Amino acid sequence: MKKVLALLLVVVMSVAVCVSCGKTDSSEKSEINVCLASEPDTIDPALNSAVDGATLIAHLFSGLSKWAQDDAGKLVIVADAATELPAPVENDDGPVTYTYTLKDGLKWSDGQDVKASDFVFAWNRAASAALGADYGYMFDVVKGYDEVSAVDDDGNPVNPDAKLAVEATDDKTIVVTLSTNVSYWNELLAFPTYFPVREDVVASENWATDPSTYVSNGAYKLSSWDHNSLIVLEKNETYVDAAEIKMDKINFYLSDDANNMLANFKSGDWQLIDDVPTNEIASLKTEYPDEFKIAGQIGTYYVCWNINEDILPDTLELGDKDPEEAREEIRNAISLLFDRNHIVNDIAQGGQVPASSFVAMGLTDADGSEFYKNAGPEGTVGYYSVEESAYEDNFNAAVETLKNYYTFNEQDQKFIDFPTMTYLYNTSEGHKAIGEYLQSVLAGIGITMNLENQEWATFLNTRKEGNYSIARNGWLADYNDPISFLDMWTTVSGNNDVQFGKGAAADLKHYSLDLTEYGYDTKVENGTWAETYDVLISTIKTCSDTAVRYKLMHVAEDMLMATGCICPLYFYTDLYMIDDSVQGFFSNPLGYKYFMYTTVSK
Amino acid sequence: MNSKTVLYIVKRIALAILTVWVVITVTFFVMHAVPGGPFMGEKAISPGALKALEAKYGMDKPVWQQYLTYLKDIVTKFDFGPSLKQRGREVIDVIFDGLKVSAKLGLIAAAMALVTGVVLGAVAALRRNKFIDKLIMVVTTAFVSLPSFIIGMIFLIVFVISLKVLPGNGATAGGLILPVITLSLYPMAYITRLMRSSMLDVLGQDYIRTAKAKGVAKWKIIFGHAMKNSLIPVITYFGPMIAYIVTGSIVVEQLFAVPGIGRTFVSCIINRDYPMIMGTTIILATLVVIMNLVSDILYKVVDPRINFD
């Protein structure tokens, strides 16, 4: 027995020694283990629409521009495959043209030269109806997009030969014409959908699932992909700026279990994890003050109403008052009942910022200042105050407003005839906790709101179809321009969950729009949503005067917020943990993580 | 093997095929009845792109037509179609990738559970009411009552985070050690208890007493007579055990990030990846059906007295 014990001890000790020696034998290793999410849906630049996939693609491909950090640590967009990012040339009739020159010596990972025509091919492919990419619409600023993306009722392209207004005049020159000048164009060029792919490579549909057929042109090449388990990227020595790339090998472990990620982070096996268990956030913040990171992200967590849900009591006599105006007042009042500081500090706990407007923090205004700070009435930040001290006043004002429409029992301080509502959210501990808070606030003044959760895909469908009264919602922008928060609310938009201008609301002649002070003829009184908001959005999209364009976007947000159908709660943040041995890491506002310039010391 | 047995097996196989067909049909129609499609995301894709995708995957056709095409492809070509979410990959490849890992995990766990369970159960029975018996009973009671995700969590905290001696990720070398142990503890404990009571039962039988009276060596009695007959309940547990390991692996694979079929199964349901859901359901259902069949046949081999009728 003693012998067996002794043997066991020897085995255990040698294992322990082995494990520790493996970790300390080199002072600087050029390899990093990270875990962002589970198996990516795709790493085809055109098809990808996920943040984890975009991170992989940003390491594997090189577009005309890229995200980088300047010497002061500020995020900037710089030229990548292009020699520089030139200013546009304005044409007489409005569209603008950009001409790019590719750097010398650009190579694909299989040794072939990268040509201007590869970009032309890639862009047309990504935008085409035939591919059906989630982010095909990212090309809607490029002239010709409408023809390229049009399909008939059977889903076939209307014109299979249609092309975007982009051409390769020679192997090194790309000329592209945009239907309108957009301030975020350089940022779009750094977006994966705009990265080049080669025609012969993507001819086979499964090219992006195996390292042997995956040909890229970026800082890294796909070295191995053990499906559902591990993706390894190795430095691409033929990359034109290879000298700047510090990290030789990146191991992307594929897992989406936050608890498992945390275990591997704590054991020291993984240096970065992109998710943490919600219920651990508070303790991680104190346990790992330097390694627990909260980064800004351009997104808003909000509650949306179904505009067709009637919330007025049956017996109410409105007189001359427009019932929709009454509903707007009620919805806006309810929005004021919620303590956003409490939600952020005590429930979500991830460093989120209380929201007083819909367009998220992080998006810039015409003058470079924060768009959200200029939102709302002149002289205020947002449409209501989210100062902790203002909450009580907001709450009382809201109750006073509601008293105009509902019977209030002064004795127990409760409304007695507010119709029962149901709050819909997708299954998640975090959403549930927030739903319960909203429920408790409303219950405090006699409003009954039941909670209903649905599994993700069902939830999306229900919300999209408008089969709900009030629902949890969230939106993350794809690029730094407020329009990405505003054009989703046009009547026909697939993201118009509120159902503006749809169903019963289609005939709602309630909205007014006056753009005469901005130099337009548009003046509508008591028009439908389609006659006002939709017109406003298309005006913004074709407006070439930056200052006016941003003013119009504020007008659009004013219109949106006036409906009360959007109740912003907080601006999103991106939570991750990074080991303090890692230097040179950065992430962008879209949540992409960049490991190419990192070093790991132990 | 007599003709009766053969007939029985043929009948059972026919029944198994029928079962799998029912599973396919029910899953197919229930799945299509659930709201929300595979191309839905937080950000809606354009109606044009949606139409193009539906046309590409044949989802613009009526459901019954999709069903017939689906059945035909499986029967004639063993083709489960392409995955809708992991663009460019075939369902069958994704499943086999996962199945390879899960099979390794499951088979090692099953073998471990069987061997340890039978040995511990036999030891406990032979040392009835002694210290070792009580110890085994206490430990196995604990393992039967503790769900695998609790045991897995404890393992993660002890061996991965505190001691740092084993990896907590199924993708790395040695990463299967903890998941295998976690997965095998419940069936191991169950088999131990099963084996103990059945062994005690057999040891009390007349033929054992006869053997003892005739002076047969003790080890011969245990291994030659008692062991074989006490194995019958254990073998009947074989089918349920495989079912447990298949379903249990869903939790364990998630916990230890093992790239197995269980994790694939969970994610494809959340993603409404229709062909993946169908593929995994069919393969897993077939597995369970086959395992039950095998266990029934083994039953007969061990105890020829058992009549199939």
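Chain naming here is simple, since letters A, B, ... match the order of the sequence lines and numbering starts at 1 in each. It should be emphasised that the depicted structure is a prediction, and the values quoted were computed from it without experimental measurement.
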Is [X] in contact with chain B via its backbone, its side chain, both, or neither, using a 4.5 Å heavy-atom distance?
| X | result |
| --- | --- |
| A:Thr458 | both |
| A:Ala150 | neither |
| A:Glu455 | side chain |
| A:Asp41 | both |

(message) Quick check for you: among A:Ile43, A:Thr42, A:Leu47, which has the greatest number of heavy-atom pairs under 4.5 Å with chain B?
(response)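 With the most close heavy-atom pairs to chain B, the winner is A:Leu47.
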(request) Flag the one option from A:Phe265, A:Trp207, A:Trp270 with the top tally of heavy-atom pairs under 4.5 Å to chain B. (result)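 Max contact count across the listed options: A:Trp270.
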(request) Give the minimum heavy-atom separation between B:Leu156 and A:Ala263, together with the two atoms involved. (result)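 The answer is CD2-CB, 4.0 Å.
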(request) Search all heavy atoms of B:Gln254 against all heavy atoms of A:Asn260 and return the closest pair with its distance. (result)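 That would be O-CB, 4.4 Å.
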(request) Sort by residue number and list every member of residues 175-184 of chain B having a non-hydrogen atom under 4.5 Å from chain A. (result)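 Answer by number: none.
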At a 4.5 Å cut-off on heavy atoms, which part of [X] comes close to chain A: side chain, backbone, both, or neither?
| X | result |
| --- | --- |
| B:Val34 | side chain |
| B:Leu163 | neither |
| B:Ser83 | neither |

(request) Measure from the side-chain N and O atoms of B:Lys164 to the backbone N and O of A:Lys266, and report whether any donor-acceptor pair falls under 3.5 Å. (result)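 Yes; judged by distance alone, with no hydrogens or angles, the pair exists.
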(message) So which residue, B:Asp97, B:Leu53, B:Ile161, ends up with the most heavy-atom pairs under 4.5 Å with chain A?
(response)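 The option with the most such pairs is B:Ile161.
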(request) Go through the structure and list residues passing salt bridge (charged side-chain N to carboxylate O under 4.0 Å, His left out) with B:Lys61, not counting sequence neighbours. (result)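 So B:Lys61 forms no salt bridge (charged side-chain N to carboxylate O under 4.0 Å, His left out) with any residue.
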(message) Using 0.5 Å steps for rounding, measure from the CG atom of A:Asp210 to the CZ atom of B:Arg89.
(response)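 Taking CG in A:Asp210 and CZ in B:Arg89, the distance rounds to 9.0 Å.
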(message) To the closest 0.5 Å, what do you measure between OG1 (A:Thr209) and CG (B:Asp93)?
(response)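 Taking OG1 in A:Thr209 and CG in B:Asp93, the distance rounds to 8.5 Å.
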Between [X] and [Y], is any pair of side-chain heavy atoms under 4.5 Å apart?
| X | Y | value |
| --- | --- | --- |
| B:Met153 | A:Asn259 | yes |
| A:Asp269 | B:Asn169 | no |
| B:Arg263 | A:Ser255 | yes |

(message) My understanding is that only residues two or more places apart in sequence, or in another chain, count here; which of them pass side chain to side chain donor-acceptor pair (under 3.5 Å) with A:Tyr137?
(response)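 So A:Tyr137 forms a side chain to side chain donor-acceptor pair (under 3.5 Å) with A:Asp478.
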(request) Tell me, please, which residues at least two apart from A:Tyr468 pass side chain to side chain donor-acceptor pair (under 3.5 Å). (result)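 So A:Tyr468 forms no side chain to side chain donor-acceptor pair (under 3.5 Å) with any residue.
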(message) Tell me whether A:Glu205 at atom CD has more than 12 heavy atoms from other residues, nucleotides or ligands lying less than 6.0 Å away.
(response)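 No, not enclosed.
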